[in-house]
Protein chains: 2
Amino acid sequence: MQMDAKNLARVMPIGSLSDRTGVKVETIRYYEQVGLLPQPERSEGNQRRYGRAHVERLAFIKHARDLGFPVDGIRALLRLSDNPGMACDEAHAISVAHLDDVRHKIARLRSLEKELERIAATCSGGVTACDCAIIEALADHSQCGHDRH
Amino acid sequence: MQMDAKNLARVMPIGSLSDRTGVKVETIRYYEQVGLLPQPERSEGNQRRYGRAHVERLAFIKHARDLGFPVDGIRALLRLSDNPGMACDEAHAISVAHLDDVRHKIARLRSLEKELERIAATCSGGVTACDCAIIEALADHSQCGHDRH
DNA sequence: CTTGAACCTGAAGTGGCTAGAGATCGTATG
DNA sequence: CATACGATCTCTAGCCACTTCAGGTTCAAG
């Protein structure tokens, strides 16, 4: 067993970085491949060795991904974070654009929810009464709230 | 020009099927490839020829996709719709499962929305005051509603 | 020194399409 | 009947953000 929690923040293998950040090993390698994470130093046997800076950068990435930022947006935010000073306006623009996107998705899902509720309610699962209202509803576009006469 | 709207419901080329259903030509071929649409008859010159049944089936598929059903779910619903009688319970289960999924997505997006609002609000875009609050918020997980001490 | 978990690379697979290349078909005109 | 040109054909690759796999190498505990 490795003395993980304590203070190997100095030189960590990829598995420990994974444990610390909650990002899977394969995903870490993927992030390196697409240029989100810099290439770390290697052990004599060619294994990746990470330090504190990598933990922070990966945590940043993970947090942004959890918030649904696309990888390209994260790349931009990381670039800004690397060059402080010329940052704020652009970071704000990226966030607001993403917030907009999230709101659109919510709106769309809400209307889906409504129609699914309506469709599911027409048939409560008893085999008797319907044959089958759900399938009919899907087949017949005219029943739903949308157009198409 | 072809007499589209009137009554070529008998034998349609793929473009007309596309126009009637709002599903792109390439997508129609894709649906055939993955087994959602049956292989249609062909003209002497090997072009697809569709009839009324295809229009209905494709409309069904489109409606379900618009509602966010995954292709596998649609495959199941189509199977049910082909074998009426043993249908209703299973169709209901599929729909309810999907509705559940949609609700989870909504809940998740709502919490994302809240946090993005909070983060974006910390820096309103003026370069002066922040350097940069958004980037700090992303870097520092401890500020947000989640855990991690 | 042996074992076995962790690590390595590179390629392919996922879902649900979309886009492109390059060839062939079908039909409205001249 | 010939021509032009849009519609269609097949096949392949690309998109996003990973995930999975195969087959090998390294590291560290006992």
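We name chains A, B, ... by the order of the sequence lines, and we start the count at 1 in each one.
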Is there a side-chain contact between A:L78 and A:R75 in this structure, where contact means two heavy atoms from C-beta onward sitting under 4.5 Å apart? no

May I have the list of side-chain donor-acceptor pairs in residues 24-35 of chain B shorter than 3.5 Å, sequence neighbours left out?
from: B:E32; atom 1: OE1; to: B:R48; atom 2: NE; distance (Å): 2.8

Shortest non-hydrogen separation from A:A59 to A:T21 and the atoms involved: N-CG2, 4.4 Å

Who pairs with A:R57 by salt bridge (charged side-chain N to carboxylate O under 4.0 Å, His left out), at least two apart in sequence or on another chain? A:D82

Expected list for residues 37-45 of chain B: side-chain donor-acceptor pairs under 3.5 angstrom, two or more places apart:
from: B:R42; atom 1: NH1; to: B:N46; atom 2: O; distance (Å): 2.9
from: B:S43; atom 1: OG; to: B:G45; atom 2: N; distance (Å): 3.2
from: B:S43; atom 1: OG; to: B:N46; atom 2: N; distance (Å): 3.4
from: B:S43; atom 1: OG; to: B:Q47; atom 2: N; distance (Å): 3.0

Return the value, rounded to whole Å, for the distance between atom CD1 of B:I28 and atom P of D:dT8. 9 Å

Could you tell me if the side chain of A:L112 sits less than 4.5 Å from the side chain of B:L99, heavy atoms only? no

In residues 94-101 of chain A, what residues come within less than 4.0 Å of DNA chain C, judged by heavy atoms? none

B:S81 side chain vs A:I135 backbone, donor-acceptor pair below 3.5 Å: no

Could you give me the CA-CA distance, side-chain angles and deciding distance for B:Y50 and B:V55, then say whether side-chain contact (heavy atoms from CB on, under 4.5 Å) is met? CA-CA 8 Å; B:Y50 295 98; B:V55 177; 5.9 Å; no

Per-pair distances, 0.1 Å, donor-acceptor, side chain in residues 101-109 of chain A, under 3.5 Å, sequence neighbours excluded:
from: A:D101; atom 1: OD2; to: A:K105; atom 2: NZ; distance (Å): 3.4
from: A:R103; atom 1: NE; to: B:E113; atom 2: OE2; distance (Å): 3.0
from: A:R103; atom 1: NH2; to: B:E117; atom 2: OE2; distance (Å): 2.4
from: A:H104; atom 1: ND1; to: A:D100; atom 2: O; distance (Å): 3.0
from: A:R108; atom 1: NH2; to: B:D66; atom 2: O; distance (Å): 3.1

In whole Å, what is the span from the CG atom of A:D66 to the C1' atom of D:dC18? 14 Å

Per-nucleotide protein contact along nucleotides 14-22 of chain C, 5' to 3', at a 4.0 Å heavy-atom cut-off (B base, S sugar-phosphate only, - neither), is --BBS----

Which whole-number value in Å describes the distance from B:E32 CD to D:dT8 P? 14 Å

Across all chains, not counting sequence neighbours, the side chain to side chain contact (heavy atoms under 4.5 Å, CB included) partners of B:A76 are B:R79, B:I94

Taking only heavy atoms on the protein side, list every residue of residues 38-48 of chain A lying under 4.0 Å from any atom of DNA chain C, sorted numerically. A:R42, A:N46, A:Q47, A:R48

Distance, rounded to the nearest Å, where A:Q33 contributes CD and D:dT20 contributes P: 16 Å

